[in-house]
Amino acid sequence: MNLLQLFLLLTLSLLGSSVSFAQELFFRHTFGPYSKSTVEVTALFNKLPSSGYAPIRVTISNRTTAPVVFSLNFDCSADGNSGVQKLESSFSVQGDAEKVTTTDLLVPVAAAVKEHSYGGAMCNQMLELSMIGIVNGNYTQSSNNQINLPNILLSEPLFTPNASRLDAEVKKITGGSSSYYGSTSNFGGMFSASKMPEDWRAYAGYDCLILSEVDWTELSPGARTAIQQWVRLGGSMRIFTRTPSATWATLGIESDEPQADSIKFGKGLIVSTPINAELRIDESQLISQITSGSGQAGHQYKSFVEDYSAGWGLQQQLGGKTFHFVFFILLLIAFGVIVGPINLFVFAKSGMRHKLFITTPIIALAASLAMIILIFIQDGMGGKGVRVQLVEMPSGDGDNNAYISQTQISRTGVLFSNRFAMTEACSISPLPLRISQWTRLNTSSSNDQAYAINFDDKGIQVSGDWFQSRSEQAQLIHSIVPTRSRIEQTDPANPGALLSSFDHSIDSFFYRDVDGKIWKADAIAPGKKFLCSESTEIDHDKFVNHASTLLCSQEIRSLQRLSKRPGSYVAISSTARMLDTHPRLNWTSNTSIITGSVKPAP
């Protein structure tokens, strides 16, 4: 073998190893006569998301004359100092006879809401797969989340020449802390642009996507759409460009600022950064920009840990509840008196002690019934809660979707079922609350939580500890819902003459026109024209600040930024449709904060 052949062989082997590492191969098993059939399970990203779903691809090459079915059972856990969150899901995948079948799964993962106090705040996650069929298979994927570094995915061409230097830079800010599972925290996971998912939910649990302009062009149209939808929901994307002439237009990304290095894209951010031909990243500059927040829209794990445990406006709106111990103490005292002296000297007095075998169980049963009645009287059935959603409506640029981030908190009484269904395509995560006698989940609680999410023809079937009896719990839900609703101008000569095509009323409305002038309106009827009156920047800011009181810190920053866009509005509605969860809850307050662009008059 000459030197050229040896060089080519080494190059191909390195490329092959890189491609296989871009995804994480769980296993590849053979089955059938002569072992010509295979089943392969691969994680499209080699790092778990902080919440939402892990995209898993199952490829069945069935050379037999009969279809095969495999059952895949996933158990995902997330833990901190103490207490473990577990999330179960199951899938059935069929391989047609004499065909190659590829199925993409969205596997729910346990949200990273716990933290370790040692070695820097972090949360470990582990996804376990058990496959049952003609052949069986098992695999475990693990990763961790850092409080001082977002959850990042890096494209393979950028990962290969830069990973070691980026990891070294990360260790400077994390102290090189190791996770419970033994893996050292690093900069991020890796992906292959040619194998990216085409569903925005596959990206929902990640904070930042970093790729080159070549990677961007290699994405399928469906993947590009999904990524842009994820960015609109609050994700961040950084594109490294080697071509000096590269613009947002050449990348196929709409922007009102064609010469800007970064653009605000819905609740998210897209950044364009020049890079040399060797694709060498300035690691200190990149990590500084990401960790400082200047080049990053959000950080889910940090938000989970810090935004909801204290001072969250929505929890304050729910209010507190006093547990009346005195009634239970009186009941226990009465039970002790009746089952003791009265039972002994009245119901089963001397000479009739055998009656104790009858009277004592009856008294105990009556006390139990009295305790149950007291619980029902004090806590009731079902529960009540409050909800708020931040909705972005980019109807002005042809995107007919509503981008919804809904947070909700509830206090339950007695629940006879913890199951509910969701018909929208969404991701749902539990939120840690401040410590109280009612909360079951906080960042340092020792309580284990068990959840389950499964898919069927009707949507998402949810069960487990999302809602528990006599508890306080909160959830964060992301969804993208098709809609034709919008606000549009009706008179080119009058910026304050508008039309609402929403199917619900709007309580309050502020509008910043393209010239920066502020307009306002109140009590807008659905599907009607309305006239705005002139207002001031001070009133506009007061309105936005008041609307922000129910949101978490990360969403407040998003709303503040969105409200500054020329040609956009901010509205509040108490009658807009919300994302429904448990049917036994009475939501006493529903607040929709809607922002979007106004469609110009024809």
(message) Checking R512 now: which residues fulfil salt bridge (charged side-chain N to carboxylate O under 4.0 Å, His left out) with it, not counting sequence neighbours?
(response) E537
(message) Restricting to salt bridge (charged side-chain N to carboxylate O under 4.0 Å, His left out), what partner residues turn up for D75, sequence neighbours left out?
(response) none
Ring centroid separation [X] to [Y] under 6.0 Å:
X    : Y    : value
F26  : Y139 : yes
F467 : F420 : yes
W466 : Y451 : yes
F509 : Y569 : yes

(request) Verify, without hydrogens or angle tests, whether S548 (side chain) and V544 (backbone) share a donor-acceptor contact under 3.5 angstrom. (result) yes
Under a plain distance cut-off of 3.5 Å, with no hydrogens placed, do [Y] and [X] share a side-chain donor-acceptor pair?
X    : Y    : result
Q389 : S592 : yes
Q85  : Q449 : no
K267 : S405 : yes

(message) I need the full list of salt bridge (charged side-chain N to carboxylate O under 4.0 Å, His left out) pairs touching residues 407-435, with sequence neighbours left out, sorted by first then second residue.
(response) R411-E472, E424-R577
(message) With rounding to the nearest 0.5 angstrom, report the NE2 to CD distance, H299 to Q146.
(response) 8.5 Å
(request) To the nearest 0.5 angstrom, please state how far the OG1 atom of T423 sits from the CG atom of L579. (result) 8.5 Å
Is any side-chain N of the basic residue among [X] and [Y] closer than 4.0 Å to the acidic one's carboxylate O?
X    : Y    : result
K564 : D541 : yes
K458 : D456 : no
K114 : D79  : no
D580 : R387 : yes

If you define the side chain from C-beta out and look only at heavy atoms, does anything of [X] sit under 4.5 Å from [Y]?
X    : Y    : result
L105 : P55  : no
W230 : I227 : yes
I404 : I480 : no

(message) Would R232 pass as a cation-pi partner of F265, given that its NZ or CZ must be under 6.0 Å from the six-membered ring centre and within 45 degrees of the axis?
(response) yes
